[in-house]
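Encoded as structure tokens, the structure appears first; notes follow it.
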Amino acid sequence: MSIVSLIQKKTIESLSVLYKQPFSEKDFQINQTKPEFEGDYTVVMFSLVKSLKLSPEVIGKLLGDHMVNNNQALFTGFNIIKGFLNLSVANEFWLGLLNKNYGDICYGKKEMNGKKVMVEYSSPNTNKPLHLGHLRNIFLGWSYAEILKANGYEVVKSCIVNDRGIHICKSMIAWQKFANGATPESAGTKGDHFVGEYYVKFNDAYKTEVAELMAAGKSKADAEKEAPIMKATQQMLLDWEDGKPEVMDLWKTMNGWVYSGFDITYNNIGADFDKVYYESNTYLLGKDIVQQGMDKKVFYQKDDSSIWIDLTADGLDEKIVQRSDGTSVYITQDIGLALQKYEQYKIDQSIYVIGNEQNYHMKVLQLICQKLGMPNADNIFHLSYGMVELTSGKMKSREGTVVDADDIVDEMIATSKQHTEELGKVQDFTAEELKELYNTIGLGAMKFYLLRVDPRKTMVFNPAESIDFHGFTGPFVQYTYARIKSILRKNEMAIDSSFPTSLFPLEKELIVIAEQYSAVLEQACTEHNPSVIANYIFNLAKTFNSFYAEHSIAKAESEDKKQLRLKLAVFTANILKSGMQLMGIAVPERM
RNA sequence: GGUCUAGUAGCUCAGCUGGAUAGAGCAUCAGCCUUCUAAGCUGAGGGUCUCAGGUUCGAAUCCUGACUAGAUCACCA
């Protein structure tokens, strides 16, 4: 039980005895006491003042006396300032907590709860390489999956690959026209980048053709429709749907190139999936569902035989679910896939990590599933995250301002190499150890930078700031960890040591923060928010660094103190490592 | 135009289930390495929490309305 829950419980007990009526945790609030006042945790009494019609002084005096007298092992005293009852928690409590948990590498995590959750993330198109926005998505999805595990859920990480459609055909057409049989191998280019180049070439050629047609007197709309390369692309999509062998071959080949490129990126950044869905397999799903929807009168048919759902009563619009030619649209496939996920895995919750540009789409998806009475409809959750912008504004592929995922990762690793060399602390490392260290620090900086912001918010990517390894950054936390490990290599821990009874403020503060770890993991889970962990871990590391500067461990005032501080160091290191792991960030033994 | 989201220090962000004098990091300035890793520590300056109302003992936090910015509202995905 957390200290806050414990104080809640004790407060309720005392209030019930004192006022002979039932109370609940909603009748008052427990906060951490502000540093400028004496005490550790505070009962905010204003709401009690109102309901009991007594002054805070009267309530506080009685409550404080009763709580301290009846829990002498837990509380050592209290003071009242305005409506705040500040309680001091006994050092024995903090020391006991430290002694019990400092060596537990699973500290703060929960037992399995028997629930299963699917987290879908990444979900790229196969016509161009991953960019900075994908990285936010991937880090967020991966981290949230880990946070769910830490809170006792069984997790299935999934990905839907958008491997078909007009945008894929565009790169295919451009390759046919311009590549002269070139391959990623012949060009010496990573597969996904190679294909991406042809997607760009398509757009260039298309633009040129449209301009030519307009110069010849066509309207813009006509020119865009009639451009030969666009017509060829549309024909290719039809051929693909017919399964024309040479189109299928090219499609498979080019997607293969992209996948090999993605695999390298995923591998570099430590992303993985338990189940990968391909749109080419799922795009026909949902046809039965359309019929069921018709039978249930959830959908209706228009004169041109297209099928719709009317969501105006829910404050949304009418939405098409099947085209007049009988083919299904994006949302229909999604309904089919949502059902398939449930049937295959019997998941209790289905989480979609998708950008907030699709908020409307996801709302519609869930609403349709609910109206169809699908068993898992209420368990769909859109983990919506904000776009990543640059200091110069939004990333625009047309203006070439898109930050490529591989490039930025390489840059971060190069920066970590440069900093490490400048500092010259690991000159005895082998080439292999150095490579691993640069990766750990560079990726750590990158992941921390993207995860430290509330996912829901649009964030600004500032290149200069992102490669800063000081302050609120991944390397700062990694450095703190490495320093602790250095101390632990040089100092022996005693098996059984006696405790000092007094604690310096920073010694106590470390334990108080460590105590909150479990609550933080829970909060990160319920709020779908890894930044809660990033903020917490940073605060813990910062506090340790202050402690480190203020108190010597190796040359402590006494052997008791030394052993206490070694335990504090181990406890801190374990939590730093655990919290960073939940964000997909490794911590080095030395740096 | 409808719907949704956001606006906190020069910059990037916390704080938002209402609570004590609104916090970090970066940047700026001043200090700290003969002592466990200075990728560190200590201190200073820096705020009309976009604006205007309302709710109440108390509002950055809740409500209403403006203003500003973004997203979205396709027989695209």
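Sequence lines set the chain letters: A, B, ... in the order given, protein chains first and strands last, and positions in each chain run from 1. For the numbers below, each heavy atom of this structure counts, side chains included, while hydrogens, waters and symmetry mates do not.
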| Who pairs with A/Phe476 by ring-ring contact (aromatic ring centres under 6.0 Å, His included), at least two apart in sequence or on another chain? | A/Phe538

| task | Please list residues of residues 462-471 of chain A whose heavy atoms come under 4.0 Å from any atom in RNA chain B, ordered by number; otherwise none. | result | A/Glu465, A/Asp468, A/Phe469, A/His470, A/Gly471

| message | I want to verify the glycosidic state of B/C13; is it syn or anti under the 90° rule? | response | anti

What donor-acceptor contacts under 3.5 angstrom involve side-chain atoms of residues 24-32 of chain A, with partners at least two apart or in another chain?
residue : atom : partner  : partner atom : Å
A/Ser24 : OG   : A/Lys26  : N            : 3.1
A/Asp27 : OD2  : A/Ser24  : N            : 2.7
A/Gln32 : OE1  : A/Gln516 : NE2          : 2.9

| remark: With sequence neighbours left out, the residues meeting side chain to side chain donor-acceptor pair (under 3.5 Å) with A/Lys542 are none

| said: Just to verify, what does A/Arg565 make a side chain to side chain donor-acceptor pair (under 3.5 Å) with, not counting sequence neighbours? | reply: A/Glu507, A/Glu557

| message | Is it true that A/Asp317 and A/Tyr360 share a donor-acceptor pair across their side chains at a distance under 3.5 Å? | response | yes

Does [X] have any side chain to side chain contact (heavy atoms under 4.5 Å, CB included) partners at least two apart in sequence or in another chain, and if so, which?
{"X": "A/Lys396", "answer": "A/Glu399, A/Thr401"}
{"X": "A/Asn359", "answer": "A/Asn356, A/His382, A/Ser384"}
{"X": "A/Asp454", "answer": "A/Arg456, A/Lys457, A/Asn529, A/Ser531"}

| message | Nearest to the A/Arg323 side chain among B/U37, B/C76, B/U72, which nucleotide is it? | response | B/C76

| With no angle test and no hydrogens, is the base of B/A20 tied to the side chain of A/Asn86 by a donor-acceptor pair under 3.5 Å? | yes

| said: Regarding B/A20, can its base be found pairing with the side chain of A/Thr42 as donor and acceptor, where the two atoms are less than 3.5 Å apart? | reply: yes

| request: Indicate for each nucleotide in nucleotides 4-9 of chain B, in 5' to 3' sequence, whether protein heavy atoms under 4.0 Å reach the base (B), only the sugar-phosphate (S), or nothing (-). | output: ---S--

| Do A/Asp310 and A/Glu318 have side-chain heavy atoms sitting under 4.5 Å apart? | yes

| query | Heavy atoms, side chains only, cut-off 4.5 Å: are A/Tyr438 and A/Thr420 in contact? | reply | yes

| Any cation-pi pair here, A/Lys341 with A/Tyr352, using under 6.0 Å and within 45°? | yes

Within the sub-3.5 Å range, which N or O atoms of nucleotides 33-35 of chain B have a protein N or O partner, and how far apart are they?
none

| field | Canonical and wobble pairing (Watson-Crick, G-U, under 3.5 Å) of RNA chain B, dot-bracket with | | value | (((((((..((((.....[...)))).(((((.......))))).....(((((..]....))))))))))))....

For nucleotides 41-44 of chain B, print each protein N/O atom paired with a nucleotide N/O atom at under 3.5 Å, atom names and distance only.
residue : atom : partner  : partner atom : Å
B/U42   : OP1  : A/Ser546 : OG           : 2.8

